[in-house]
Amino acid sequence: QVQLVESGGGLVQAGGSLRLSCAASGRTFSSIAVGWFRQAPGKEREFVAAISRSGDKTSYADSMKGRFTTSRDNAKNTVYLQMNSLKPEDTAVYYCAATYTNYYIPSRGEYEYGYWGQGTQVTVSS
C-alpha cells in the first residue's frame with residue numbers, strides 16, 4: 001500500500017544537526033500517520049517521534065523532546081525529522097514507519113505500524 005524511503009543520515013559532530021526525510025509512495029500520503037524509531041547496536045528499537053495524518057498532532061520520546069521535531073509536507077509526500085543538539089548516544093539506524101489506522105493520539109508502539117522503510121544511519125561523533 002505504501003513504500004517508505006529514509007534519507008538524510010550521515011556523520012555529524014556532537015551538537016550538530018541533521019534533517020531526515022521519509023519519502024512515501026503508493027496509497028494517498030495524507031491517509032497515513034508516520035512514526036520514527038531508532039535502533040543502536042545491541043539495543044532494542046525505541047520510539048523517537050510520531051506525527052498524525054494532517055500533521056496537527058505530534059508525539060516525542062522524553063529524551064528527544066525539545067531537540068527533535070517532526071513535520072510533514074503532504075504535497076511532497078514527505079515526513080521530516082529535524083534533529084538538533086545531537087549527542088553521541090543518538091547514534092543509531094533511524095526508521096520511519098507508517099500506519100493507516102486513524103489513531104486519536106499518534107501511536108508510540110512499533111507494532112502498530114505495518115509499513116517500514118529501510119533505515120538510515122546516523123552517527124554522532126564526540
Side-chain angles (χ1 to χ4, degrees):
Q1 290 183 285
V2 64
Q3 296 79 46
L4 306 173
V5 179
E6 301 95 332
S7 63
L11 177 64
V12 65
Q13 296 182 25
S17 299
L18 283 174
R19 188 177 76 162
L20 305 184
S21 297
C22 176
S25 62
R27 188 173 173 179
T28 305
F29 182 72
S30 60
S31 295
I32 58 171
V34 173
W36 290 94
F37 299 83
R38 70 184 185 185
Q39 187 167 26
K43 304 292 184 179
E44 293 186 351
R45 187 162 56 191
E46 65 176 336
F47 170 77
V48 175
I51 189 166
S52 64
R53 289 178 171 185
S54 64
D56 64 328
K57 300 176 182 177
T58 56
S59 183
Y60 300 93
D62 289 341
S63 62
M64 272 69 83
K65 190 174 184 179
R67 298 190 299 123
F68 292 6
T69 302
T70 186
S71 61
R72 66 190 297 161
D73 186 341
N74 286 358
K76 296 181 178 180
N77 290 355
T78 302
V79 172
Y80 303 97
L81 181 67
Q82 178 67 46
M83 305 185 293
N84 299 323
S85 301
L86 285 164
K87 307 172 182 179
E89 51 263 44
D90 292 320
T91 296
V93 175
Y94 284 71
Y95 301 88
C96 64
T99 178
Y100 285 97
T101 302
N102 190 23
Y103 295 104
Y104 181 75
I105 300 173
S107 179
R108 299 179 175 224
E110 62 183 273
Y111 297 110
E112 302 300 323
Y113 294 87
Y115 307 92
W116 293 79
Q118 83 291 340
T120 185
Q121 177 71 48
V122 172
T123 302
V124 184
S125 62
S126 60

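The figures that follow rest on heavy atoms only: side chains count, while hydrogens, waters and symmetry mates do not.
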| request: Take Ser25 and Gln3 through the test side chain to side chain donor-acceptor pair (under 3.5 Å) and record every step on the way to the result. | output: CA-CA 5 Å; Ser25 62; Gln3 296 79 46; 3.2 Å; yes
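- A heavy-atom distance below 4.5 Å is not found between the side chains of Tyr95 and Glu110.
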| task | Report the C-alpha separation of Glu112 and Tyr103 in whole Å, then their side-chain angles, then the decisive distance to 0.1 Å, and conclude whether the side chain to side chain donor-acceptor pair (under 3.5 Å) test is met. | result | CA-CA 10 Å; Glu112 302 300 323; Tyr103 295 104; 2.5 Å; yes
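- Considering only heavy atoms from C-beta on, Thr70 stays 4.5 Å or farther from Met64 through its side chain.
- The CD atom of Gln121 lies 9.5 Å from the CG atom of Leu11; values are rounded to the nearest 0.5 Å.
- Residues Trp36 and Phe68 fail the side-chain proximity criterion, which asks for heavy atoms closer than 4.5 Å.
- Counting only heavy atoms from C-beta outward, the side chains of Met83 and Leu20 approach each other to under 4.5 Å.
- Shown here for Phe29 and Asp73, the closest heavy-atom pair between the two residues is CE2-O, 4.1 Å.
- Relative orientation of the Tyr113 and Phe37 rings is perpendicular, given thresholds of 30° and 60° on the angle between their planes.
- Shown here for Arg53 and Ser31, the closest heavy-atom pair between the two residues is NE-O, 3.1 Å.
- Around the NZ atom of Lys76, the shell of radius 6.0 Å holds no more than 12 heavy atoms that belong to other residues, nucleotides or ligands.
- Residues Ala92 and Gln39 share a closest heavy-atom pair of CB-O, 3.5 Å.
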